[in-house]
Structures are given as C-alpha cells and as structure tokens.
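Below, chains carry the letters A, B, ... as their sequence lines are ordered, and counting in each starts from 1.
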Protein chains: 2
Amino acid sequence: MNIKLNSREPVYIQVIRYFKEQIAKGVFEPGQEISSRRELANKLKINPNTAQRAYKEMEEQGLIFTEGNLPSRITKNEMIIKQVREELILEAVSTFIVAVQSINVPLEEAINLVKKKYEENPNEQEGNR
Amino acid sequence: MNIKLNSREPVYIQVIRYFKEQIAKGVFEPGQEISSRRELANKLKINPNTAQRAYKEMEEQGLIFTEGNLPSRITKNEMIIKQVREELILEAVSTFIVAVQSINVPLEEAINLVKKKYEENPNEQEGNR
DNA sequence: TAATGTGTATTATATGATTAATACACATTA
DNA sequence: TAATGTGTATTAATCATATAATACACATTA
C-alpha cells in the first residue's frame, strides 16, 4: 500500500486510480480479496465513507465485486482488466499530446526530452519481477 | 480567447495556465497589453474577482506587470518567458513519465503510442504561422 | 466637470464537493 | 448469545472556491 495522497484532488478519485494501476499492473490479481472499507480507511488515515465511496464506484465500473457481506474482490473479468490498462495508457498519451500541442513543442523534441528525462531517473517503482 | 473551463479545477488556476501557454507560444508578446480584469471576466463569464485573483498571482510570478492604473501587460523579461515555456514542457514530460511508469509500460511502447496517436489527430491548434 | 474605465481591496454570502458521524442488517465466530 | 467484522445507507458538518456587493484612488476623456 503505497499511495501518496495529495489534497488537490478528491481522495476517493485517487484511491480509484491507485486500484486501477494495481489492477493494470497485475499486482492485484483477478479474484483477489482486497482490504475492507474500514481496513483501507485505517491504512490510509481516511474516513471509511471515503473508502466506501471509492469501492462503490469501482463496483459500478465492474473493477471489483462483492458477494454478501464478504470482503470485496478484484474482478475476474480479464476483459475489464485489459480495458483498465488501455484506458490508463490512453489517458497518459492523450494528456501528454494535448500538453505538448498547447505550447507548440514539436513532437520529436518532446519525445527526446522524455527519453532524456527517463534515463536521468530510471524506474523508481519496480517491485514486480 | 479560446479557453474551455472545466469545473474540476479552480477557475483562476485555469486562467493562469492559459496565459502561460499563450506566453510560452508567443501568442501573447512581451509588453503586449492584455484584457482588463473586468473585460476578461465578461469574455469568460466569470466573476471579476476571479479574474483579479488570476492576474494578481501572475503579477506576483512576474508574468505580467502593471503601471499605475493602466491595463496590465505581458512581461518584457525574456528570461521569465523562457522559464515558463520550460516549466510547461517539463511538467508535461514528468507527468507522462510518472503515468507510464505507474503502470509498467515500457518506454518504447509508450512512445510508439504517442507517435501513433499524434498522427491520428495531428495539430489541432496551429494558428500562429 | 462629470462620466467612464483602469487597478485594487475588503467583507460577506453561496455553492458544491468532500468528509465526518452514525446507524442498520447480516453473517461469522468465540 | 454476545461480540466482531462485513457491506450499506442516511444525514450533518466542513471546507475551498467562487461569486456578490461595495468601495476607493487615479487617469482619461467626452
């Protein structure tokens, strides 16, 4: 559990993104049991309702599921998992392109900067080999 | 004046970013007179106080300056303008790298996606040739 | 001179989103 | 049976932001 919460963005949104990233990376595996609302709230020092809100939205999006009053689990639907991954990638790519175009930086130059910057501080978060 | 305001982010922040982009692109030239607070508020259908807040911050950052009670102007300090441009580029690059790393997408793959996506919808906003 | 248009400042209010505080039903288990 | 841990739901409180309502000094201009 390695989330850094910022105050600029709603906490439940940040929680959802974190889960999406873990799912996309495969750190959270299909069918895997996840922390209960209260447990997550404790870990992150947030209100249980905020955790609940995040979980509720994730459930609506099919990312997790809940049977009875058992702890929720990561979806077993591989299609959804694939979509999450693609959504995150697409979002990153789109954001980058929009930003670059908005200040008229040529694509090649922007890509070179990415490569350079990437080499400067390579892979901070590995952890899954 | 082509700002699309979203409701997720403070309006004055969005206004500041817009000005930064225009300055970085050179659309707003050094010394150029800009809209008055009230005029901007009218154009964007926002409150004059919100415009004032944006301008005040930009003044503190040295992006614009005001002499007496004349309309404010874009800074003539080329160094600052250069810095704004670099700040925006660096921000875009960093955001992209963080996003890509957070889901373990190899850099090469990410860059290829950028190139592909870029070709699909090339330069929407030219306008300054 | 009066009107208008600048920038600037202060105080109060409204709004919407977020978070907090509780409560309830249910199931498991000690 | 009582306690604990689930998910779920409702209502209240908090908070940052935006807006509203004014006011003032100054300069230009009709």
Side-chain angles (χ1 to χ4, degrees), chain A residues 1 3-20 23 28 30-77, chain B residues 1 3-20 22-23 28-77:
Chain A
M1 196 65 54
I3 320 184
K4 287 174 190 167
L5 297 174
N6 70 70
S7 58
R8 271 235 61 86
E9 209 179 358
V11 172
Y12 75 94
I13 298 284
Q14 299 179 57
V15 170
I16 292 174
R17 182 169 50 244
Y18 174 78
F19 271 82
K20 282 186 176 177
I23 292 172
F28 288 173
Q32 179 181 332
E33 191 172 288
I34 61 179
S35 301
S36 77
R37 278 79 167 157
R38 292 172 177 85
E39 194 179 349
L40 181 73
N42 254 325
K43 284 183 190 168
L44 304 186
K45 309 298 177 196
I46 62 177
N47 192 280
N49 291 326
T50 305
Q52 159 66 0
R53 179 159 183 186
Y55 277 26
K56 189 180 180 186
E57 285 215 13
M58 288 196 286
E59 182 129 27
E60 285 168 358
Q61 293 176 30
L63 302 176
I64 64 176
F65 66 96
T66 313
E67 289 169 339
N69 47 2
L70 295 175
S72 301
R73 296 174 174 278
I74 301 295
T75 182
K76 294 175 181 170
N77 187 331
Chain B
M1 196 64 53
I3 320 183
K4 289 174 189 166
L5 296 174
N6 69 69
S7 58
R8 273 237 60 88
E9 209 178 357
V11 173
Y12 76 94
I13 297 284
Q14 298 180 56
V15 170
I16 293 174
R17 181 168 51 244
Y18 174 77
F19 271 82
K20 281 187 177 177
Q22 301 309 306
I23 292 172
F28 287 173
E29 296 178 357
Q32 179 180 332
E33 192 172 285
I34 61 179
S35 300
S36 77
R37 278 78 167 157
R38 292 173 177 87
E39 196 180 348
L40 182 75
N42 253 325
K43 284 184 191 168
L44 304 186
K45 309 297 176 197
I46 63 177
N47 192 280
N49 291 329
T50 305
Q52 160 66 0
R53 179 162 185 184
Y55 277 24
K56 189 180 181 185
E57 286 216 12
M58 287 196 286
E59 184 129 25
E60 284 167 359
Q61 293 177 29
L63 302 176
I64 64 176
F65 67 96
T66 313
E67 289 170 338
N69 47 1
L70 296 174
S72 302
R73 296 174 174 278
I74 302 296
T75 182
K76 293 175 181 171
N77 187 330

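Pairing each heavy atom of Asn6(B) with each of Glu9(B), the nearest pair is OD1-N, 3.0 Å. Between Leu40(B) and Tyr55(B) the shortest heavy-atom distance is CD2-CE1, 3.7 Å. Contact record, Ile46(B) with Ala51(B): CD1-N, 4.2 Å, taken as the closest heavy-atom pair. The shortest non-hydrogen separation linking Gln14(B) to Lys4(B) is OE1-O, 3.8 Å. Residue Arg8(B) comes nearest to Pro10(A) through the heavy atom pair NH2-CG, 2.9 Å, listed as atom of the first residue, atom of the second, then distance.
In this model, no donor atom of one side chain and acceptor atom of the other lie less than 3.5 Å apart for Ser72(A) and Glu59(A).
In Lys43(A), the NZ atom is crowded: over 12 heavy atoms of neighbouring residues, nucleotides or ligands sit closer than 6.0 Å.
The CZ-P distance, from Arg53(B) to dA18(D), rounds to 7 Å in whole Å. The nearest whole Å value for the distance from the CG atom in Asn42(B) to the C1' atom in dT19(D) is 15 Å. When rounded to the nearest whole Å, the span between NZ of Lys56(A) and C1' of dT10(D) equals 11 Å. Counting to the nearest Å, the P atom of dA18(D) and the NZ atom of Lys45(B) are 18 Å from each other. Atom pair Asn6(B):CG and dA18(D):C1' shows a separation of 14 Å (rounding to whole Å applied).
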Verdict with reasoning, Ile23(A) to Ile74(A), per side-chain contact (heavy atoms from CB on, under 4.5 Å): CA-CA 8 Å; Ile23(A) 292 172; Ile74(A) 301 295; 4.0 Å; yes
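Sequence order on DNA chain D of the closest nucleotides to Asn47(B) and Glu39(A) puts Glu39(A) first from the 5' end. Place Glu9(A) and Asn69(A) on DNA chain C by their nearest nucleotides, and Glu9(A) ends up nearer the 5' end.
Among the heavy atoms of the strands, none lies under 4.0 Å from Tyr55(A).
Judged by distance alone with a 3.5 Å cut-off, a donor-acceptor contact links the side chain of Asn49(B) to the base of dA20(D).
Here the side chains of Lys56(B) and Tyr12(B) are not in contact, with every heavy-atom distance at 4.5 Å or above.
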Which dot-bracket notation, 5' to 3', represents the base pairing of DNA chain D when pairs are defined as Watson-Crick or G-U with both distances under 3.5 Å, crossing pairs as [ ], and inter-strand pairs as |? ||||||||||||||||||||||||||||||
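Reading DNA chain C from its 5' end, the first and the last nucleotide to sit under 4.0 Å from a heavy atom of chain A are dT18(C) to dA27(C).
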